[in-house]
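The next block holds one structure in the form of structure tokens; read it before the comments.
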Amino acid sequence: MEQEEKSKFLGEMKISKLMLKFSIPCVLSLLVSALYNIVDQIFVGNSELNALGNAATGVVFPIFIIAQAFAWCIGDGCAAYLNICQGRKNAQNAHKAIGTGIVATIAISLVLMAVFFPLKTQIITLFGARDKIVIDYAVEYFNWILAFFPFYMLSNMMNAVIRADGRPAISMVSMLGGALINIILDPVLIPIWGMTGAAVATVIGQTVSFVVSLIYFIFKTKTFKLNLKSLIPDFNEFKHALKLGASSFITQMTIVIISLVCNIMLAEYGAMSEYGENIPIAIIGIESKVFTVVINIVVGIVLGCQPIISYNMGAKKYDRVRGLYLRILLCTVVIGVISTLLFELAPRAVVGLFGDPDPKQVNPEYYWEFGVKTFRIFLSLVTFTCTIKMTSIFFQAVGKPIRAVISSMIRDIVCFIPLITVFPIFFGIEGILYAAPAADFIAMIVAAVLTIMFFKSLTRLEKETEQVPTDNQQNNDRIDKEIENNEQSEQN
């Protein structure tokens with residue numbers, strides 16, 4: 001009961017104050033997470049490694065996303081489950097789901113290491129590396145990153161739960177400390193050890209983030225307490241969290257699939273164009289890192305609000321859920337519009353942050369030309385992309401995993417993958433760039449329809465809640481049963 005009282009403010013404090021309290025630290029922590037790869041790429045691009053070094057980090061980037069897919073699935077699921085239980089005043093068993101999540105994260109990280117280590121060259125080639133120098137650079141970088149997978153994945157998993165525990169500032173400190181270490185070490189180690197230096201700086205930073213998160217879990221948790229029994233797997237509790245985190249997994253894995261297909265198509269059609277195969281892969285690697293910054297701001301806002309959304313949904317305070325959605329949507333649109341203006345008006349300046357191309361490696365004229373095209377076309381509807389992502393996480397927070405998965409997959413799997421394979425047949429390598437805004441447009445329509453349907457159902461539940469006394473347990477149980485029946489109907 002004491003732990004439930006500590007989370008009660010989520011349903012009472014002014015929404016705008018809660019958003020500032022939770023979202024700002026979450027945005028900063030996710031931006032810091034994005035900085036790990038961006039800082040590496042900036043320092044690599046401005047070193048002797050240049051464009052080929054950037055291409056190498058670009059083909060390794062999907063490996064980070066695979067690790068995040070599992071870590072965020074478990075972490076976001078445990079976080080949403082914890083907050084929904086708090087809202088229903090039934091959080092006594094949430095520690096079992098979180099403890100099982102920690103064990104599952106460790107186990108998965110070890111399995112990934114066992115699979116990836118012997119196949120690293122094949123994986124790097126699969127993600128688009130063709131040039132021998134690029135492959136050698138990528139393997140050198142990949143070896144170090146893979147060795148520290150458990151720390152990286154646990155840090156990501158734990159940070160989601162820390163935010164749900166009402167301590168977003170601690171999550172921010174965890175990520176910020178690691179990023180600062182990375183930023184300090186990159187310019188020191190890269191000139192000495194090249195790609196190895198970039199990788200070592202990154203894994204040291206990740207280890208620092210993990211240590212901070214671990215200390216919090218052992219000594220500082222607020223609304224749940226872990227003990228040795230928590231680490232004994234309880235899949236009956238964990239399955240609820242896993243279901244809520246499924247959309248995070250699918251979203252991240254679709255990014256991997258997109259990177260795979262995109263790099264294959266860029267290498268194939270790039271080789272048939274004046275750009276060659278290295279320029280498109282290097283530029284898309286830069287675009288991916290820049291886009292990660294934009295999307296992480298949006299994700300930071302909605303993930304920061306996830307404890308508030310989940311708590312109020314569990315507490316049946318639907319007016320606050322509606323108010324949260326509208327405020328998050330407004331923030332998302334503003335960020336998307338500002339980003340679009342930057343990418344349309346100053347694409348060369350953005351690409352230039354990652355260094356000037358070495359004429360000995362690539363043709364500078366074609367490099368800049370493809371860079372400008374990529375940002376102006378590929379990211380032309382980035383506002384829609386951000387809104388679709390925000391909608392998916394919102395559905396996850398309110399306990400609607402099926403809608404979350406649909407809104408996430410429709411853009412990437414249903415639309416983008418087919419379009420990216422068909423458009424180049426007619427439009428050449430530029431067709432790959434036009435596939436993204438076309439997919440965004442279609443998926444935005446679907447996301448809007450799902451959102452309207454959800455809020456209509458919320459209005460019906462709100463009216464039913466108003467018709468019964470809130471202190472009558474039997475009536476509350478009946479409404480809970482109706483909510484479960486509605487969720488089952490959606491899944492069917």
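Atoms considered below: every heavy atom in the structure, side chains included; atoms not considered: hydrogens, waters and symmetry mates.
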- Query: Under the 3.5 angstrom rule, does the side chain of Thr421 hit a backbone N or O of Pro418 as a donor-acceptor pair?
  - Reply: yes

- Is the closest side-chain heavy-atom distance between Thr391 and Leu450 below 4.5 Å? no

- Item | Smallest separation among heavy atoms of Ser171 and Ile162, with atom names | N-CG2, 3.8 Å

Quiz: residues 424-449 side-chain donor-acceptor pairs under 3.5 angstrom, not counting sequence neighbours:
from	atom 1	to	atom 2	distance (Å)
Glu430	OE2	Lys373	NZ	2.8
Asp440	OD1	Thr385	OG1	3.0
Asp440	OD1	Arg411	NE	2.7
Asp440	OD1	Arg411	NH2	3.2
Asp440	OD2	Thr385	OG1	2.9

- Message: Does atom CH2 (Trp144) have a neighbourhood of more than 12 heavy atoms from anything else shown, all under 6.0 Å?
- Response: no

- How about Ile406 and Arg403: do any of their side-chain heavy atoms sit closer than 4.5 Å? no

- Query: Once you round to the nearest 0.5 Å, how far does CD1 of Ile204 lie from OG of Ser209?
  - Reply: 12.0 Å

- Report yes or no: does Asp165 contribute a side-chain atom to a donor-acceptor pair with the main-chain N or O of Arg167 at less than 3.5 Å? no

- Message: Quick one, Leu154 and Ser109 - any side-chain contact, counting heavy atoms below 4.5 Å?
- Response: no

- Item | Which atom of Ser213 lies closest to which atom of Ser174, heavy atoms considered | OG-OG, 3.0 Å

- Please round to the nearest 0.5 Å and tell me the distance separating atom NZ of Lys120 and atom OG1 of Thr125. 12.5 Å

- Looking at CD1 of Ile309 and CZ of Phe22, how far apart are the two atoms once the value is rounded to the nearest 0.5 Å? 11.5 Å

- Residue that, paired with Phe370, satisfies ring-ring contact (aromatic ring centres under 6.0 Å, His included) out of Phe375, Phe378, Tyr275: Tyr275

- How far apart are the closest heavy atoms of Val382 and Ser339, and which atoms are they? CG1-CB, 4.1 Å

- For residues Ala71 and Asn156, report the shortest heavy-atom separation together with the two atoms involved. CB-CB, 3.8 Å

- Message: So does Leu20 get a backbone contact from the side chain of Ser23, meaning a donor-acceptor N/O pair under 3.5 Å?
- Response: no

- Message: Ignoring hydrogens, what is the shortest heavy-atom contact between Phe238 and Ala97? Give both atom names and the distance.
- Response: CD1-O, 3.5 Å

- Message: Testing the basics here: between Leu329 and Thr387, what is the closest heavy-atom pair and its distance to 0.1 Å?
- Response: CD1-CG2, 3.8 Å

- Task: Working to the nearest 0.5 Å, report the span between CG of Leu180 and CG of Leu185.
- Result: 10.5 Å

- Query: Can you check whether Val203 reaches Ile145 side chain to side chain, under 4.5 Å on heavy atoms?
  - Reply: yes

- Message: Assess the residue pair Gln306 and Ser310 against the criterion (side-chain hydrogen bond (donor to acceptor under 3.5 Å, both in side chains)); give the C-alpha distance rounded to whole Å, side-chain angles, the decisive distance to 0.1 Å, and a yes or no.
- Response: CA-CA 6 Å; Gln306 177 263 312; Ser310 297; 3.2 Å; yes

- Message: Classify the ring geometry of Phe210 against Phe151: parallel below 30°, tilted from 30° to 60°, perpendicular beyond 60°.
- Response: parallel

- Query: Going from CE on Met157 to CD1 on Ile102, what distance comes out if it is rounded to the nearest 0.5 angstrom?
  - Reply: 5.0 Å

- Message: So does Ser155 get a backbone contact from the side chain of Asn159, meaning a donor-acceptor N/O pair under 3.5 Å?
- Response: yes

- Is it true that atom CG of Leu112 has more than 12 heavy atoms of other residues, nucleotides or ligands lying nearer than 6.0 Å? yes

